[in-house]
Engineer: 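Before anything else, here's the structure in question.
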Number of protein chains: 2
Amino acid sequence: MIPVLLADDETLIRSALATMLDLEDDIDVVAHVESGEELLALWRRRVDAGEPVAVAVIDLQMAGIDGVDTAEQILLLTPGAGTMIVTSHGRPGYLKRALTAGVRGFLPKTTPAATLAAVIRTVHSGGRYVDPELAADAISAGDSLLSAREADVLELAADGSSVEEIAQRAHLSMGTTRNYLSSAMAKLGVSNRYEAALKAREHGWI
Amino acid sequence: MIPVLLADDETLIRSALATMLDLEDDIDVVAHVESGEELLALWRRRVDAGEPVAVAVIDLQMAGIDGVDTAEQILLLTPGAGTMIVTSHGRPGYLKRALTAGVRGFLPKTTPAATLAAVIRTVHSGGRYVDPELAADAISAGDSLLSAREADVLELAADGSSVEEIAQRAHLSMGTTRNYLSSAMAKLGVSNRYEAALKAREHGWI
DNA sequence: GCCGGGCGATGACAAAAGTCATGCGCCGGA
DNA sequence: TCCGGCGCATGACTTTTGTCATCGCCCGGC
């Protein structure tokens with residue numbers, strides 16, 4: 001039996017996944033929780049109790065700490081632990097972040113159900129699995145064109161702030177802020193910061 | 001047995017929900033599909049074959065026609081049919097749209113799993129169920145402040161288009177477009193269209 | 001029958017946003 | 001050591017936005 005922990009903030013989905021996985025005879029969903037914090041607490045408790053969990057299946061977007069950060073913390077506690085991310089939004093940037101953090105499975109929620117169990121087994125036995133389409137996207141997307149400051153400023157621009165607000169929040173002058181926005185827009189091939197922010201977000205760069 | 005049809009574009013979620021619902025002994029998930037179009041086609045086929053489906057459980061956000069539109073079409077085919085919406089994003093505007101369309105169940109995906117089956121039974125027996133929190137939000141949110149054109153124009157502004165593009169797509173002059181944007185911004189209490197679009201979206205008004 | 005409000009448009013103006021050239025300091029690689 | 005790139009900043013300039021006053025048309029309610 002593979003002891004599995006499940007984290008997803010959508011209770012309905014989480015319960016349904018747990019029910020489905022429990023029908024597999026080599027998978028045991030020991031618990032499911034609704035946040036990264038709870039997952040970490042539970043993971044620690046199981047380790048301390050001498051009943052470690054083998055694989056954590058984590059939703060990418062959750063309130064509080066997100067899926068990748070959660071996985072990162074788990075891997076700090078238990079290097080080589082089996083962690084995998086499940087997500088609705090398959091953005092290449094997240095995949096890259098996840099793989100860098102040491103996550104061994106990355107699946108969009110559009111994956112056929114049978115794949116999930118299969119990937120849990122793969123991850124449990126030390127293997128890796130990344131959704132092929134996402135992998136292709138990530139490869140074609142390549143690295144971020146944006147410099148660190150350009151990305152910062154774009155991120156602050158994403159909620160519709162004025163240059164003045166962005167400048168204040170980034171501790172920059174307004175002129176500098178506009179320069180960064182301008183160069184980010186040029187790199188992304190768009191003509192205003194909102195499009196730039198949207199595009200950068202698509203690429204997973206901010 | 002209550003014959004149920006399930007539509008959600010996330011295969012993993014859809015299969016998991018189907019598996020879970022099939023464990024209930026009075027619910028029979030006759031099929032699950034990944035789009036509103038497929039759901040409609042299947043619904044029609046079942047009606048023609050004399051084996052009508054009792055309840056359609058539909059995800060709100062899908063590629064192609066969305067959950068509410070799908071439900072609306074179903075209710076056109078089979079007035080009084082049991083339709084319910086399940087969603088990740090509980091925005092009050094959607095709830096209102098859904099109820100107006102005749103949908104009898106509206107649940108966020110954060111609902112406990114047991115509720116889903118219970119609501120299917122409620123809807124099947126002619127009742128209604130709306131998530132209490134969402135209902136409260138919808139009541140406090142109130143009606144849209146925006147006129148039809150203001151909402152149109154804001155929606156077109158949401159992807160970062162210039163006034164010129166918005167004007168073209170809305171078949172308006174640039175001046176008129178700016179006037180609508182301006183009045184929408186005033187009504188929403190913000191100082192640019194991107195903030196306005198974000199705020200309107202939060203309220204479910206666009 | 002009149003009034004208000006939505007819809008559509010103009011024109012003029014002020015305020016943001018975006019562009020460009022240019023400057024300085026710092027760091028890291030050739 | 002020198003060059004290039006990044007980070008940060010100014011200033012001057014153009015374009016795009018946002019605001020406002022004003023106009024006309026049509027519709028629905030009083």
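Just so you know, these numbers come straight off a predicted model, no measurement behind them.
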Engineer: Should the pair A/Arg149-A/Asp152 be classified as a salt bridge under the 4.0 Å nitrogen-to-oxygen rule?
Structural biologist: yes
Engineer: If you round to the nearest 0.5 Å, how far is OG of B/Ser35 from CG of B/Leu42?
Structural biologist: 10.5 Å
Engineer: Can you tell me how far C1' of C/dA16 sits from CG of B/Asn192, to the nearest Å?
Structural biologist: 10 Å
Engineer: Tabulate atom names and distances for all N/O pairs under 3.5 angstrom spanning the protein and nucleotides 7-16 of chain D.
Structural biologist:
residue	atom	partner	partner atom	Å
D/dG7	OP2	A/Ser147	OG	2.8
D/dC8	OP2	A/Arg149	NE	2.6
D/dA9	OP2	A/Ser173	N	2.8
D/dA9	OP2	A/Thr176	OG1	3.4
D/dT10	O4	A/Asn179	OD1	2.9

Engineer: Would you say the side chain of A/Leu154 lies within less than 4.5 Å of the side chain of A/Leu188, judging by non-hydrogen atoms?
Structural biologist: yes
Engineer: Would you say that more than 12 heavy atoms from the other residues, nucleotides or ligands in this model lie under 6.0 Å from the CD of A/Glu165, or not?
Structural biologist: yes
Engineer: Please tell me if the side chains of B/Arg97 and B/Asp66 come closer than 4.5 Å, counting only heavy atoms from C-beta onward.
Structural biologist: yes
Engineer: Decide yes or no for B/Val55 and B/Arg104: does some side-chain heavy atom of the first lie under 4.5 Å from some side-chain heavy atom of the second?
Structural biologist: no
Engineer: End-to-end bend of the helix from C/dG1-D/dC30 to C/dA30-D/dT1 (five-pair axes, 10° rounding)?
Structural biologist: 30°
Engineer: What is the distance, rounded to the nearest whole Å, between atom CG of A/Asp152 and atom P of D/dC6?
Structural biologist: 14 Å
Engineer: Does the side chain of B/Leu40 come within less than 4.5 Å of B/Thr70's, by heavy atoms?
Structural biologist: yes
Engineer: A/Leu146 has an atom CG; how far is it from atom P of D/dG5, in whole Å?
Structural biologist: 17 Å
Engineer: Tell me: CG of B/Leu154 to C1' of D/dT17, nearest whole Å?
Structural biologist: 14 Å
Engineer: Does B/Asp59 reach the side chain of B/Lys109, with side-chain heavy atoms less than 4.5 Å apart?
Structural biologist: yes
Engineer: Grab the CG-C1' distance between A/Leu188 and C/dG18 for me, whole Å please.
Structural biologist: 15 Å
